[in-house]
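So that the names make sense, note that chain A is the first sequence line, chain B the second, and so on, each numbered from 1.
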There are 2 protein chains.
Amino acid sequence: MSALFFKKLREKISLTTQEEEIIRRYIISKKIRKKQYLLQAGDVCKALAFVEQGALRAYSVDDKGQEHIIRFAMEGWTISDLDSFMTSEPSIYNIDALEDTEIIFIPKSAWEEVKKVVPQYELFIRLELMAAYSDMQKRITALISLTPEETYTYFVSVYPCIVQRVPQHMIASYLGLTPETLSRVRKRLFTGK
Amino acid sequence: MSALFFKKLREKISLTTQEEEIIRRYIISKKIRKKQYLLQAGDVCKALAFVEQGALRAYSVDDKGQEHIIRFAMEGWTISDLDSFMTSEPSIYNIDALEDTEIIFIPKSAWEEVKKVVPQYELFIRLELMAAYSDMQKRITALISLTPEETYTYFVSVYPCIVQRVPQHMIASYLGLTPETLSRVRKRLFTGK
DNA sequence: AAAAATTGTTGACTATCGTCAATACTTTTC
DNA sequence: GAAAAGTATTGACGATAGTCAACAATTTTT
């Protein structure tokens, strides 16, 4: 149910069995079927969703109705719209499931309670955020400085698991390329130019 | 000296005068002349630098010696390489001053001491991180979904202060464009295509 | 099992961005 | 104050990514 979440918690902060039990009380688990929304543009994001099992994507839709994938999230990752989460303004992003998925979260409304008992929870979130921030910075570096070939090669080397589980045109979207261009990039990479 | 830093602190968390005094003891202030490095590729990043006055940029250098600007930081912003900061591995980024600059920081080694007295300091960092994360997510959205015209227009609307203080070719680098292309983009925007 | 939707590839063509080079102008440095 | 460095613009040209369209293969739906 929430084994992976606690594994990750224990990796980053030390927890007594008692503290763990208390956290367990506040946890909410949710199953999301493939193609169902976890968050829709217009909703307010009220939690940081930890992926216990499955895969999700966050994306925006532009004027022309085109989808642009901002982020994937697989087992052990966290996904949400922090902007909406912080401001309680409606989100401009959609999050939906790419596979049948199970997520875990502690509702924002329970954070204060949890932190009262486990002050380290704040540290945990900060550490997760720092790691996510670093990853995103690397992605920006790739986007502004690499060729499509290099960007894709980098992506494959860092996220081989995603390449295997997600349709190619979604990876193209994530990399800021058209599906056709990514198809040609791959051809060039595999046939050796 | 550190007025802006405390103003920002007080905006996000409540502080007694006593707590403020204690934090003041751990603060280090540093002046960096224009063109001087705050961090060089190869160094380990040991602090989150808060910009009290001035302007900095973080950038990477690719195989061809080309610079790519990852991030600007003006008054009230924080800049660092979180990857290196967390792992204590040598950084791959450079940070240098675009103007004579004054920064404030609490060395990583003093964090535990500070948090002992002001537990809220952890919350402060988390809030700053969330905001920075949101901004970066918007930037990625722009990079993968907008045309150069739109990306630049967005940049000008969000960071008018940067446009006025930073050379145009650096903004081009930040947006993933060549200086020539940005020059033409601007021409098209102002002369109406 | 058939129909529909999704996915990935390829070709022809076009629009756009990067490269190289020349120039003008401004700011910094000595 | 002269020389050097840094900055922005423009033109010509070539490379490359996007667009539109057709098609095959696979998966999902009914």
### Message
Distance check needed: D/dG18 C1' versus A/Leu182 CG, whole Å only.
### Response
14 Å

### Task
Ignoring backbone atoms, establish whether A/Gln168 has a side-chain N or O less than 4.0 Å from OP1 or OP2 of C/dT6.
no

### A/Glu149 CD - D/dA15 P separation (whole Å)
15 Å

### Side-chain donor/acceptor of A/Arg184 to base of C/dG8, under 3.5 Å
no

#### Entry: Gap between atoms CG and P, on A/Asp96 and C/dT6 respectively (whole Å)
13 Å

### Task
Could you work out which one of D/dA17, C/dG8, D/dA8 sits closest to the side chain of A/Pro148?
D/dA17

### Side chain of B/Pro167 (C-beta onward), nearest among D/dA8, C/dT10, C/dG18
D/dA8

### Query
In whole angstrom, what separates A/Ile171's CD1 from C/dG8's P?
8 Å

### Query
Taking only side-chain nitrogens and oxygens of B/Thr181, does any of them come within less than 4.0 Å of OP1 or OP2 of C/dC17?
no

### Query
Could you give the NZ-to-P distance, from B/Lys187 to C/dT16, as a whole number of Å?
16 Å

### Message
As a test of reading the structure: which of C/dC17, D/dT10, C/dT10 is closest to the side chain of B/Ser183, going by heavy atoms?
### Response
D/dT10

### Query
Where each residue is assigned the nucleotide of DNA chain C containing its nearest heavy atom, which of B/Leu177 and B/Lys35 is assigned the position nearer the 5′ end?
B/Leu177

### Task
Look at all strands and tell whether A/Pro179 reaches a base, only sugar-phosphate, or nothing, counting heavy atoms closer than 4.0 Å.
nothing

### Query
Can you tell me if the side-chain N/O atoms of A/His169 get under 4.0 Å from OP1 or OP2 in C/dT6?
no

### Task
Quick one: sort the B/Phe5 and B/Phe50 rings into parallel, tilted or perpendicular, breaks at 30° and 60°.
perpendicular

### Task
Report yes or no: do B/Leu177 and B/Tyr59 belong to one cluster of Ile/Leu/Val/Met/Phe/Trp/Tyr joined by side chain heavy-atom distances under 4.5 Å?
yes

#### Entry: Integer-rounded Å distance: D/dT28 P and A/Arg33 CZ
14 Å

### Query
Under 4.0 Å between a side-chain N/O of A/Arg188 and OP1 or OP2 of C/dT10, yes or no?
no

### Message
Let me confirm one number: the OG1-NE2 distance from B/Thr178 to B/His169, rounded to the nearest 0.5 Å.
### Response
12.5 Å

### Query
For A/Leu146 and D/dT16, what is the distance between atoms CG and P respectively, to the nearest whole Å?
15 Å

### Message
Using a strict threshold of under 4.0 Å (side-chain N to carboxylate O), is an ion pair present between B/Glu11 and B/Lys8?
### Response
no

### Message
Taking the ring of A/Trp77 and the ring of A/Phe72, is the distance between their centroids below 6.0 Å?
### Response
no

### Task
Provide, to the nearest angstrom, the distance between the CE atom belonging to A/Met170 and the P atom belonging to C/dT6.
10 Å

